[in-house]
Amino acid sequence: MRRFTVLVFLSLLGACRPGPGGGKGASPEAAASLPSTPPVQAGPEDLFEDVTAKAGIGFVHQLASGKLTNIVESVGAGGVVFDFDGDGLPDLYLVNSGPHPVISPGPAGTRRLPNRLYRNRGDGTFEDVTEKAGVAGADFGVMAVAADFDNDGHPDLFVVNVGKCILYRNRGDGTFQDVTEKAGLGREGTAVAATFLDYDGDGLLDLFVVNYLTFDPNYKLHYSPDGYPGPLAYKAEFNVLYRNRGDGTFEDVSEKAGVRIPNCRGMGVTAFDFNGDGYQDLYVTNDASPNNLLLNDGKGHFRDVGVETGAAFSQDGDASASMGASIGDVDGDGIPDILVTSIGYGSLHLGSKGGVFEDRIMASGIGRIKAQYASWGGNFFDFDNAGKLDVVIVNGDLHYMNGWEALLLENDGTGVFTDAAPKGGAFFKTKFRGRGSAVLDFDNDGRMDILTTNIADRCVLLRNRDRSGNGWITLDLEGTKKNRDGFGAKVTVKAGGKTWKSEARCPTTYLFQGDRRLHFGLGRAQSVDSIEIVWPGGQVQTLSNVRGEQVLKVREPGERR
């Protein structure tokens, strides 16, 4: 009980003090760019190597005020991994916060630094094409997601902002068009997360936007030595579900779809079919309130079953500050599990055939390892292609501008984890003010890499140098009968006497959408016996005797509708 009380107290305060570079009289340039952490030098045996500078990625998160002054500033910013030009190489879009007249004003004359679009050249380096593409962004940026909302073959970009979000339509020629107003997405709010899904099964990707709270700079009733009030000091904002009409516009269906749940200060959202009925559900992580598991009935309506399924709270009843969630099967039973990051232990909700989750965060070993940290971005991924899902978590002090180490956790295959930071290398000994994280295979070598963003610091791209020799296969799905991204497709892979199951979806975690392609580590197997894909709508496609160690493009059979 004592620990629960302390966690809730800290969440309500949500405080921090000024950090480096944010003192009185700081210049606009100093406020726009605090000193960045130098490149991390990897040892010869380190699994991960910091290749950010080598890759030509110069993005630095802008904290215009030079210090954390309120709870919205502390959220941070992330981005999205997507192949915007269709060349088969994952590109990067990183979102900047910048100055804001209320949230983060900065000294007079502070200019907003742009969001950055980096095109993957395919040789280990990236080219900044922001200006050419026309996606510099505006307002106080937080996150981005990407999907082909109009099914024209080109992934579009939705930028999540405090203020007005932006929908960029991909023209297919390397440039984007701002269609926000035309699409009906121009409302203002404190948006912090979003995801794409086809909730009504019409073949068009809909959009779910998570809103946080209505920030009031005049609210002063808090414990003054701790800097600023916490989430419960401000009015919660409703989340919004936008239905895709198919003519380039969206309609707000939040009320009739049942997603306008009061007193939820959302931090993240991810879509997945938790009960296997063919309809994608939504898991929403909240600050200072229980998390929501929104069950899709397939008829256009959602019902919150978070409490009854055991996914609303942690194992000790904590609902103080959930950040984001990652979905994956950590124990190999074919049922999706949920990793929730938070200021406390977090949760590892293991799914069951009965539709009830059990939080195994302590039994898994994760809780013991991460107990001392406030955790933000967390991801499942197989870092050595051994055929089981490991975990990476980035950490950052909730109250101070102090850096903490990220965590690398290795799964024994049953959902029990050990500290793999020594194997990971120098990065996992280096302190960053971590916020967002994504996993991707930026060089298409079958070894999953890591991308992180940090408050008032540079991003970090970590290249995976695994030498295990384990097999792998990555599937890049393209739908024809329903949505082109194939979101909602169920995939079963069999190789070397083992079976893996996964779901194609918009892979959103805290502040990020990662590589949407489905990656499978195969252990010692070097080829795949069979791949079964159940596409949205029910069509079944089977591939046999597939060569491993390739990124395989799989197109749903049939003509595009």
**Student:** Tell me, please, which residues at least two apart from Tyr283 pass side chain to side chain donor-acceptor pair (under 3.5 Å).
**Tutor:** Asn291
**Student:** Trp404 and Tyr373: aromatic ring centres closer than 6.0 Å?
**Tutor:** yes
**Student:** Tell me, please, which residues at least two apart from Arg517 pass side chain to side chain donor-acceptor pair (under 3.5 Å).
**Tutor:** Asn444, Asp515
**Student:** Checking Phe274 now: which residues fulfil ring-ring contact (aromatic ring centres under 6.0 Å, His included) with it, not counting sequence neighbours?
**Tutor:** Phe357
**Student:** Suppose we screen for side chain to side chain donor-acceptor pair (under 3.5 Å). Which residues come up paired with Thr195, at least two apart in sequence or across chains?
**Tutor:** Thr508
**Student:** Going by the rule ring-ring contact (aromatic ring centres under 6.0 Å, His included), which residues pair with Phe432 if we only count those two or more places apart in sequence or in a different chain?
**Tutor:** Phe427
**Student:** With sequence neighbours left out, which residue pairs that include part of residues 145-158 fulfil the salt bridge (charged side-chain N to carboxylate O under 4.0 Å, His left out) condition?
**Tutor:** Asp150-Arg169, Asp152-Arg169
**Student:** How would you list all residue pairs meeting salt bridge (charged side-chain N to carboxylate O under 4.0 Å, His left out) that involve residues 483-499, not counting sequence neighbours?
**Tutor:** Asp273-Lys490, Glu478-Arg484, Asp485-Arg516
**Student:** What pairs of residues pass the side-chain hydrogen bond (donor to acceptor under 3.5 Å, both in side chains) test when at least one of them lies in residues 415-430, not counting sequence neighbours?
**Tutor:** Glu410-Lys423
**Student:** According to salt bridge (charged side-chain N to carboxylate O under 4.0 Å, His left out), does anything in residues 350-368 pair up with another residue at least two apart or in another chain? List the pairs.
**Tutor:** Glu358-Arg360
**Student:** Partners of Tyr279 by ring-ring contact (aromatic ring centres under 6.0 Å, His included), sequence neighbours excluded?
**Tutor:** none
**Student:** Is any NZ, NE, NH1 or NH2 atom of the basic residue among Asp173 and Arg171 found under 4.0 Å from an Asp or Glu carboxylate oxygen of the other?
**Tutor:** no
**Student:** With side-chain hydrogen bond (donor to acceptor under 3.5 Å, both in side chains) as the rule and sequence neighbours excluded, what pairs involving residues 461-470 come up?
**Tutor:** Asp443-Arg463, Asp466-Ser468, Ser468-Asn470, Asn470-Arg524
**Student:** Could you work out, with side chain to side chain donor-acceptor pair (under 3.5 Å) as the rule, every residue matching Asn454, not counting sequence neighbours?
**Tutor:** none
